[in-house]
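Only a predicted model underlies this, so the values are computations on that prediction, with no experimental measurement involved. Letters go in sequence order (proteins before strands), and every chain restarts at 1.
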Amino acid sequence: MNLFTDIHRLVIEALDTLTEDGALPEGLAYDNVTVEPPRDPAHGDMATNAAMVLAKPAGRKPRDIAEALAGHLATDERIALAEVAGPGFLNLRLSESVWQGVVQEVLAEDAGYGRADMGQGRRVNVEYVSANPTGPLHVGHTRGAVFGDALASLLDFAGWTVTREYYINDGGGQVDVLARSVYLRYLEAHGQEVAFEDGTYPGDYLIEVGARLKELHGDAFVGQPESVWMEEVRTFAVEAMMDLIRTDLAVLGVEMDSFFSEKSLYGTGRIEAAIEDLDGKGLIYRGTLEPPKGKMPEDWEPREQMLFRSTAHGDDVDRPIRKSDESWTYFAPDIAYHYDKVSRGYDELIDVFGADHGGYVKRMKAAVAALSEGAVPLDVKLCQLVKLYKDGEPFKMSKRAGTFITLRDVVDEVGPDVTRFVMLTRKNDAPLDFDFDKVLEQSRDNPVFYVQYAHARIRSVMRKAEAAGIALDEPPRLEDDAELAVAKKLAEWPRLVEIAARSHEPHRIAFYLYELAGDFHALWNKGNESPHLRFHRDDAPEASAGKIALARAVAIVISAGLGILGVTPVEEMR
RNA sequence: GCACCCGUAGCUCAGCUGGAUAGAGCGCUGCCCUCCGAAGGCAGAGGCCCAAGGUUCGAAUCCUUGCGGGUGCGCCA
């Protein structure tokens with residue numbers, strides 16, 4: 001249940017009644033009528049803009065409509081006060097029993113509180129990470145991994161059926177480079193001197209792979225031409241890298257439902273099938289592209305190639321499908337991959353990319369729009385760069401100097417929970433500063449700590465109360481403003497989940513938790529000055545039980561919220 | 001040159017997809033521990049929401065233009 005939708009429904013019913021009474025004309029559209037928490041608590045608990053939105057189509061003054069509406073709403077027992085304000089807002093103050101009810105509901109529904117059925121079971125495929133299988137995951141991948149994973153959990157919580165998918169780029173030239181690099185390590189394992197020239201991966205992580213290759217094949221490949229070993233070494237190397245990546249993801253707590261191999265699209269007719277589908281829609285043709293304006297490539301020459309008419313679906317220029325040597329461009333398997341996703345019957349698709357793939361969004365959307373004939377929406381979420389800091393100083397990354405920060409480095413340093421939460425304290429399309437020292441700091445300016453601390457405080461109180469024989473299943477009692485503030489914040493949770501899910505923005509969950517924790521800490525501290533507001537009171541067990549009910553509700557929501565972010569709520573801090 | 005993202009307190013950023021007097025943390029000023037964990041809380045100062053137009057009852061939010069920053073722009077994926 002969502003209190004805001006309840007009251008929204010109440011407002012709509014009242015409007016219908018006004019229409020029946022002839023106070024409003026028939027057939028008004030209520031689409032823009034909203035019920036929201038006002039920014040200023042002095043304006044009440046909720047406000048509706050109904051009168052202002054309907055004034056024009058109804059041909060009546062906003063304040064008149066508001067007055068009439070107020071009269072009807074005031075008869076509902078949940079509404080303590082309805083008053084017209086400003087240009088025609090209708091401010092509602094809800095009766096205290098409503099907030100009491102909210103807390104009780106949280107306790108009753110427990111981890112299910114805030115679950116929504118917005119998705120109505122629709123199937124969504126969230127593709128993320130999808131790093132090339134050529135090495136360990138680095139910081140940039142980490143953000144994408146955390147974001148995609150949290151978004152997937154969020155959508156699941158909001159009622160979608162979610163598939164978490166990883167697209168393995170194992171079909172392009174970079175896996176050949178990987179194979180050659182592993183081959184060099186293999187020769188090295190046989191005692192040969194090798195040189196890592198440009199176009200090979202010199203990373204240490206391949207030493208072990210080369211050694212394992214030696215164990216498996218002995219010297220069968222030594223001194224042999226590429227044609228002999230390429231296929232086998234490549235498969236072996238990709239497999240090894242995917243093991244590495246899977247381990248990295250596991251360390252972060254990310255588990256994919258599905259891995260999709262780009263290679264499986266080649267030589268199987270699947271790319272051809274996707275292109276044929278587009279061709280059947282008249283979107284494939286042979287032509288010559290204009291050179292890009294402003295920045296002319298040095299070796300530019302006009303060239304006829306197979307093109308996809310992506311401009312028919314909102315792209316800026318048509319995109320090449322085949323290279324000049326008639327092999328596929330990287331775009332072709334991507335089309336086939338998304339064709340496959342559409343064929344698998346997903347109702348919605350989400351791709352999580354790094355910001356450097358921004359230029360890729362329009363053509364991908366065009367492809368999906370064409371393939372699904374507009375039936376399957378694709379949302380592409382771009383994750384901006386992560387800038388690393390150490391004690392306030394920029395942390396320089398350089399492959400050459402060996403200071404190449406991997407996902408593993410970060411998680412080993414600060415742990416998966418901190419890594420995940422911090423990665424979600426920024427909007428996905430805003431750059432993120434990650435300071436190794438600050439994220440471990442135990443203070444209010446570290447949101448991870450602040451939220452965890454609130455949860456730990458509550459669990460601490462519950463343990464002590466239990467030991468003191470105080471009942472933990474009493475109904476809540478709310479008396480103080482600070483308590484009501486917390487209850488009201490809890491009432492916002494279901495609404496926030498819906499907003500975050502609709503906008504595909506899991507960071508909103510993190511910010512909400514920070515606010516909820518703030519309200520809770522304020523209440524906690526008030527207990528220092530006013531002992532009767534303390535949660536745990538041996539002198540008044542019954543009152544204490546009523547207070548603890550509220551605290552338990554807070555812990556439930558924090559726990560649920562952290563669950564969406566993939567962060568473990570802690571029992572105690574130390 | 002074109003496309004996408006961004007521009008909000010001194011700094012780092014939220015702002016509920018158009019609502020009322022624009023918020024938080026850090027930093028600055030002043031308070032609150034014989035009291036459930038002060039690892040916390042309260043209060044104050046600090047803003048022409050980049051600029052100019054437009055849409056309307058109402059704009060930080062939507063549209064246009066300009067300025068400033070980031071990313072990308074056929075045979076790398």
Report the C-alpha distance between A/R319 and A/D334 in whole Å, list the side-chain angles of each, state the deciding distance to 0.1 Å, and finish with yes or no for salt bridge (charged side-chain N to carboxylate O under 4.0 Å, His left out).
-> CA-CA 12 Å; A/R319 305 291 175 176; A/D334 277 339; over 6 Å; no
**OP:** Tell me what A/N91 touches on the nucleic acid: a base, only sugar-phosphate, or nothing, going by heavy atoms under 4.0 Å.
**Re:**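 Base, at least one base heavy atom under 4.0 Å.
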Taking the P atom of each, how far is B/G25 from B/A43, in whole Å?
->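 One P to the other, the span is 10 Å.
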| query | Tell me: CD of A/Q384 to P of B/C6, nearest whole Å? | reply |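 For the pair A/Q384 CD and B/C6 P, the rounded distance is 10 Å.
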> How far does the P atom of B/G69 sit from the matching atom of B/U29, given to the nearest Å?
Replying inline: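 Approximately 35 Å lies between the P atom of B/G69 and that of B/U29.
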**Prompt:** With A/R508, which residues qualify under salt bridge (charged side-chain N to carboxylate O under 4.0 Å, His left out), at least two apart?
**Reply:**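 Testing A/R508 for salt bridge (charged side-chain N to carboxylate O under 4.0 Å, His left out), a comparison that skips the adjacent residues, returns A/E505.
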- Send over the distance from A/F353 CZ to B/C4 C1', rounded to a whole Å.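 Rounding to the nearest Å, CZ of A/F353 and C1' of B/C4 are 14 Å apart.
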Once you round it to whole Å, what is the distance between C1' of B/C75 and CZ of A/R286?
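In whole Å, B/C75 C1' and A/R286 CZ are 13 Å from each other.
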Practice problem: Tell whether A/R457 reaches the base of B/C36 with its side chain through a donor-acceptor pair below 3.5 angstrom. | Solution: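 It does not, because no donor-acceptor pair links the side chain of A/R457 to the base of B/C36 below 3.5 Å.
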| field | Sequence-distant partners of A/D176, side-chain contact (heavy atoms from CB on, under 4.5 Å), two or more places apart | value |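 By the side-chain contact (heavy atoms from CB on, under 4.5 Å) rule, A/D176 matches A/R180, A/M230, A/R234.
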*asked:* Using a 4.0 Å heavy-atom cut-off, does A/S324 contact any base of the nucleic acid, only the sugar-phosphate backbone, or nothing at all?
replied: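 The residue A/S324 makes base contact.
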Inset, instruction - Among the candidates B/C36, B/C16, B/A77, find the nucleotide nearest to the side-chain atoms of A/H357. - result: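 Looking only at heavy atoms from C-beta outward on A/H357, the closest nucleotide is B/A77.
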For this session: Identify whether any heavy atom of A/N132 sits under 4.0 Å from a base atom; if not, whether one sits that close to sugar-phosphate; answer base, sugar-phosphate or nothing.
Result: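 It contacts sugar-phosphate atoms only.
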- Query: With sugar-phosphate meaning primed atoms plus P, OP1 and OP2, does A/F331 contact a base, only sugar-phosphate, or nothing at under 4.0 Å between heavy atoms?
  - Reply: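 Contact class for A/F331: none.
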Set out, line by line, the N/O atom pairs under 3.5 Å between protein and nucleotides 31-33 of chain B.
none

All N/O donor-acceptor pairs, side-chain side in residues 485-494 of chain A, below 3.5 Å, sequence neighbours left out:
from, atom 1, to, atom 2, distance (Å)
A/K488, NZ, A/D45, OD1, 2.8
A/K489, NZ, A/E515, OE1, 2.9
A/W493, NE1, A/Y113, O, 3.2

A/Y514 OH to B/A24 P: how many Å, rounded?
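The answer, rounded to whole Å, is 10 Å.
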### Task
Not counting sequence neighbours, which residues clear salt bridge (charged side-chain N to carboxylate O under 4.0 Å, His left out) with A/R502? List them please.
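For A/R502 there are no salt bridge (charged side-chain N to carboxylate O under 4.0 Å, His left out) partners, ignoring immediate neighbours.
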### Query
How is A/A47 classified with respect to the nucleic acid when contacts are heavy atoms under 4.0 Å: base, sugar-phosphate, or nothing?
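Base contact.
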Who are the salt bridge (charged side-chain N to carboxylate O under 4.0 Å, His left out) partners of A/D31, not counting sequence neighbours?
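Listed in chain order: nothing, the list is empty.
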- Task: Take atom CG of A/D538 and atom C1' of B/C35, then tell me their distance rounded to the nearest Å.
- Result: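 Answer to the nearest Å: 13 Å.
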Rounded to the Å, how far apart are A/H521 NE2 and B/G25 C1'?
->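 A/H521 atom NE2 is separated from B/G25 atom C1' by 13 Å.
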Note to self: Taking only side-chain N and O atoms of A/K56, does any of them lie within less than 4.0 angstrom of OP1 or OP2 on B/C57?
What the structure shows: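 For A/K56, the contact criterion (side-chain N or O under 4.0 Å from OP1 or OP2 of B/C57) is met.
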Q. Who passes salt bridge (charged side-chain N to carboxylate O under 4.0 Å, His left out) against A/R420, sequence neighbours left out?
A.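 Per chain and number, A/R420 pairs via salt bridge (charged side-chain N to carboxylate O under 4.0 Å, His left out) with A/D149.
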- Query: Is A/R477 salt-bridged to A/E483, cutoff N-O under 4.0 Å?
  - Reply: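 No salt bridge links A/R477 with A/E483.
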- prompt: Base, sugar-phosphate alone, or nothing: which one does A/N528 contact when heavy atoms must sit under 4.0 Å apart?
  reply: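 A/N528: base contact, heavy atoms under 4.0 Å.
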Q | Pair assignment for B/G18, Watson-Crick or G-U wobble, requiring both distances under 3.5 Å | A |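 Check on B/G18: unpaired, no WC or wobble geometry under 3.5 Å.
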Quiz item: Checking all strands, does A/R534 fall into the base, sugar-phosphate, or nothing category for heavy-atom contacts under 4.0 angstrom?
Solution: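 Touches a base.
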Pairwise P distance, B/G15 and B/G23 [rounded to whole Å] |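 It works out to 15 Å between them.
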task = Figure out the CG/C1' separation between A/L178 and B/A77, and round it to whole Å.
result =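 Result: 14 Å.
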Report the distance from atom NZ of A/K489 to atom P of B/A24, rounded to the nearest whole Å.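 That distance rounds to 12 Å.
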Evaluation steps, salt bridge (charged side-chain N to carboxylate O under 4.0 Å, His left out), between A/E301 and A/R303: CA-CA 6 Å; A/E301 52 184 72; A/R303 200 174 283 134; 3.8 Å; yes
query: Is a salt bridge present between A/E67 and A/R60, judged by a nitrogen-to-oxygen distance below 4.0 Å?
result: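 No.
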5' to 3', nucleotides 7-15 of chain B under a 4.0 Å protein heavy-atom cut-off (B base, S sugar-phosphate only, - none) gives -----SSSS
Given that A/E262 and A/L289 both sit by RNA chain B, which one's nearest nucleotide is further toward the 5' end?
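Of the two residues, A/L289 wins.
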Got a list of side-chain donor-acceptor pairs under 3.5 Å for residues 322-329 of chain A, not counting sequence neighbours?
from, atom 1, to, atom 2, distance (Å)
A/R322, NH1, A/E326, O, 2.8
A/D325, OD1, A/S327, N, 2.9
A/D325, OD1, A/S327, OG, 2.7
A/T329, OG1, A/P320, O, 3.1
A/T329, OG1, A/I321, O, 3.1
A/T329, OG1, A/F331, N, 3.3

message: Could you check B/C6 for me: syn (within 90° of 0) or anti?
response: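 Classified anti.
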>> Heavy atoms only, 4.0 Å cut-off, all strands: where does A/P531 land among base, sugar-phosphate and nothing?
In response: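 Here A/P531 touches no strand at all.
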Give a yes/no answer on whether the side chain of A/W524 brings an N or O atom under 4.0 Å of OP1 or OP2 in B/A38.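 Looking at the OP1 and OP2 atoms of B/A38, one of them is under 4.0 Å from a side-chain N or O of A/W524.
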**Asked** Taking atom P in both B/C16 and B/C76, what distance in whole Å separates the two?
**Response**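 My reading of the P atoms in B/C16 and B/C76 gives 43 Å.
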Please list, chain by chain and in numerical order, all residues satisfying ring-ring contact (aromatic ring centres under 6.0 Å, His included) with A/Y453, sequence neighbours excluded.
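Here the qualifying residues are A/F449, A/H521.
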Mind checking A/E326 for me? I need base, sugar-phosphate or nothing, with any heavy atom below 4.0 Å counting as a touch.
->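 Nothing, no nucleic acid heavy atom in range.
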So what does A/V53 hit on the nucleic acid, given a heavy-atom distance under 4.0 Å: a base, only sugar-phosphate, or nothing?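 The residue A/V53 makes base contact.
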(message) Students often get this wrong, so: under 4.0 angstrom with heavy atoms, is A/E290 touching a base, only sugar-phosphate, or nothing?
(response)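 Answer is nothing: A/E290 stays at 4.0 Å or more from every strand.
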task: May I ask you to say what A/A522 touches in the nucleic acid, namely base, sugar-phosphate or nothing, with a heavy-atom cut-off under 4.0 Å?
output: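 Touches sugar-phosphate only.
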Q. In residues 542-551 of chain A, which residues come under 4.0 Å of RNA chain B by heavy atom?
A.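 Those residues whose heavy atoms fall under 4.0 Å from RNA chain B, taken from residues 542-551 of chain A, amount to none.
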*So is A/R457 actually on top of A/F520's ring, under 6.0 Å and inside 45° of the axis?*
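No, a cation-pi geometry is absent between A/R457 and A/F520.
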Under 3.5 Å, sequence neighbours excluded: what are the donor-acceptor pairs made by side chains of residues 426-437 of chain A?
from, atom 1, to, atom 2, distance (Å)
A/N428, ND2, A/L382, O, 2.9
A/D435, OD1, A/D391, N, 3.2
A/D435, OD1, A/D437, N, 2.9
A/D435, OD1, A/K438, N, 3.3
A/D435, OD2, A/G392, N, 2.7
A/D437, OD2, A/D391, N, 2.5

